[in-house]
Amino acid sequence: MKRRVARLLEVEQIDSAQILAVTFTRVAAEDLHRELVSLEVPGAGGLHGRTLHSLAMSILMRNHVLAVLGRTPRPLNEYELEPLLADLGNHHGNKHARKRLIRAYGAAWARLQTQEPGFARSPADQAFADELVEWLTLHEAMLMDEVIPHLFQYLRGNPGAPERAEYSHLLIDEYQDLNRAEQDSLQFLGENSSICIIGDDDQSIYSFRHAHPDGIRHWAVLHPTDEHAIAECRRCPTTVVRMANTLIARNAGRLGGAMTERAANGPGEVVVCQFGTAEQEATAVATKIASLIEAGVPPREIIVLAQRRTFASPIFHRLRADGIPTKSYYAESALDTVEAQERFAILKLLLNNEDRVALRWLLGRGHPNWHTNPYRRVLEHVRQTGTSLWEALTSLSDGILVIPYTGALVDRFEEIKAELEVLGASADFDDFLQQWLPDNPETELLSETVTLCREGIDNPADLFGALYDAISQPEVPLEVAEVRVMSLHKSKGLSSPYVFIVGCVEGLLPAQLGPETSPEDRLAKLQEDRRLFYVGITRVKSDLPNRTGYLALTYPQTMVASEAFSSQIAPVRVRRGIAYLQPSRFLAEIAPHAPAPQFNSPL
DNA sequence: GGGAGAGACGTTTTT
DNA sequence: CGTCTCTCCC
């Protein structure tokens, strides 16, 4: 991608404004920009990689699309989904089903690669969408996921949109991770351009957001294409390439064939080891990492991949305890506790009484059903009279307005209002901070974030802005110095000379599926999990001349049953609180090229 | 609105 | 296995 951009700029003399480079993540976008700058090609520094979401948002804002629809670009925080889900009511199915519907709506209802995006596929879907949009409109907010459906509708409905003719060259990275709505939106943006897509169907691992490998597989069938296959695996040791080839060969409909080994990389070292318990597994991994570091391996060259937090945490804590610099990518968000969420909501409401989502969250907080019924009554009044939520509640509180069965809600409102008054009366910013966020172990992470971004800030509005950015768009350091502990999903795009994959057990890799899952879905998910494992093992890098690459695949025989259940790992059987596990079938699949498994031995 | 009891759920993840 | 969610009833 980088080299193509360089060629367009340098050889073909294309204006950088005519080139659109789209990436899946913010990190990839920053990465691309950094690489382009380092190329020292004239104009390359002016080209920024963009995520599809940021591009969508700027197109929608530029064209006042949301304003015309009566929508407000106030994004919902993750935790603010709770009252929304409660208010939507269970005639749409249980909470789980409602979440799934929100996700499908965010994919513009194209759940499958073969489905055309843009319209609900059933009256039930449509009814759900109507209710969802009504709630969001009334609460003057939107879901992050709505950006794509809105972009798609805008581009489809406006054949004359300037954006459809803005670019002469489109470059799209990680194409296999895009769902149909995203693919089709990009198709509109590039309808008069040369399009270059980059991706690997064997690394498609985002079906939960309705991205399927068939998207990239069908590309060349639908568009005249000049294909460039990259067959040689330049990164991995030869043993790993062989393992990966036999593994992925079991998947159907693949675009490419086997990867070619690069003999110069050397065979590498692969270890497969079973442990009696998950605890022993964690200890062995941590011990091996400690000895590697002892031997002079820089911590940043070691990654530990765990598909569940429950496998990641003990290793992370053990390494930390040993004084080894370690970073967990499962790290908690500052808004993980209800207490922190409440502080954040109070701040939002203090800055804007009309922040209806914050107010709705605060009104329902702590109640099993979020006070759905009384809230619905108040909302009905707001809807009919066109007053604001804050005004309606103030009138109720003052007794000017009477709505039956809303007593508990009004009591709660008065508490909130009283707290806002106290905060509004604080003497100065320090006093305000003390009042707003008193010391509390439950809000410790939020306090830390406040400390981090407090510099130069002397009012609540700026504090909120800085906090919001710090929480929703955390800085990703370009250079890490630590051992990294992360999920297989997060590891995509990384490579490292030392890779540990822990918890390689059946029921996790591949994952357990619900009893209702259809045979086709089962097969599709099995193949996706196989790709996930494939992504994991191919993170190993031969870093010659020093290192030929090390991969450890480990799995426990038993683990604490409650942990297995709470992290959706299907045990073979459970006895006295202990879950018994079987090795991942993927280990059997790579067996022809992998070493024989060891038991309880040092790695 | 609250309590009791039955039943479902829990994960990975991007913007 | 432990907790949350849902339904039913008062």
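Protein chains get the first letters and strands the later ones, always in sequence-line order, with residue 1 at the start of each.
- Residues A:P556 and A:Y580 fail the side-chain proximity criterion, which asks for heavy atoms closer than 4.5 Å.
- When heavy atoms are screened at a 4.0 angstrom cut-off, A:P374 is found touching the sugar-phosphate backbone but no base atom.
- Of the possible donor and acceptor atoms, one in the side chain of A:Q176 sits under 3.5 Å from a partner among the backbone N and O of A:D200.
- Residue contacts shown for A:R50 are absent, as no nucleic acid heavy atom lies under 4.0 Å away.
- Distance CD (A:E82) to P (B:dC9): 15 Å, rounded to an integer number of Å.
- Following rounding to the nearest Å, A:K490 (NZ) and B:dT11 (C1') show an atom-to-atom distance of 13 Å.
- The listed nucleotides are B:dT14, B:dT15, B:dT11; the one nearest the side chain of A:R26 is B:dT15.
- Contact annotation: A:N373 side-chain N/O to B:dG1 OP1/OP2 distance is not under 4.0 Å.
- Against DNA chain C, the stretch residues 557-569 of chain A makes heavy-atom approaches under 4.0 Å through A:S562, A:F565.
- The residue from A:I248, A:L247, A:D201 that alone fulfils the side-chain contact (heavy atoms from CB on, under 4.5 Å) condition with A:R531 is A:I248.
- Each of A:L132, A:L66, A:L136 was scored for a side-chain contact (heavy atoms from CB on, under 4.5 Å) with A:E146, with one residue passing: A:L136.
- When the P atom of B:dT14 is taken as reference, atom CZ of A:F24 falls 8 Å away, rounded to whole Å.
- Taking the ring-ring contact (aromatic ring centres under 6.0 Å, His included) definition, one finds that A:Y534 meets it with nothing, sequence neighbours left out.
- Rounded to whole Å, the distance from CD on A:E528 to C1' on B:dT12 is 9 Å.
- Under the side chain to side chain donor-acceptor pair (under 3.5 Å) criterion, A:H91 pairs with A:E131, not counting sequence neighbours.
- Although no hydrogens or angles enter the test, the distance criterion places a donor-acceptor pair under 3.5 Å between the side chain of A:R180 and the main chain of A:Q115.
- The side chain of A:H96 sits closest to B:dC9 out of B:dC9, B:dT14, B:dT15.
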Run the side-chain donor-acceptor check on residues 569-577 of chain A: report pairs under 3.5 Å with partners two or more places apart or on a different chain.
none

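- Using a 4.0 Å heavy-atom distance criterion, A:F311 is classed as making no nucleic acid contact.
- Exactly one residue among A:R74, A:R71, A:R356 makes a salt bridge (charged side-chain N to carboxylate O under 4.0 Å, His left out) with A:E140. That residue is A:R356.
- Comparing the same atom, C1', in B:dT14 and in C:dT3 gives a spacing of 28 Å after rounding to whole Å.
- Nearest-nucleotide mapping onto DNA chain B: of A:D145 and A:L532, the residue sitting toward the 5' end is A:L532.
- Under the side chain to side chain donor-acceptor pair (under 3.5 Å) criterion, A:W135 pairs with A:D87, sequence neighbours left out.
- Rounded to whole Å, atom P of B:dG1 lies 11 Å from atom CZ of A:R376.
- Rounded to an integer number of Å, the gap from CG of A:N94 to C1' of B:dC9 is 9 Å.
- Rounded to whole Å, atom P of B:dG1 lies 10 Å from atom OH of A:Y405.
- Scanning DNA chain C 5' to 3' for nucleotides with an atom closer than 4.0 angstrom to a non-hydrogen atom of chain A gives a first and last hit of C:dC1 to C:dT7.
- Note: NE2 (A:H210) to C1' (B:dT12) measures 15 Å, nearest angstrom.
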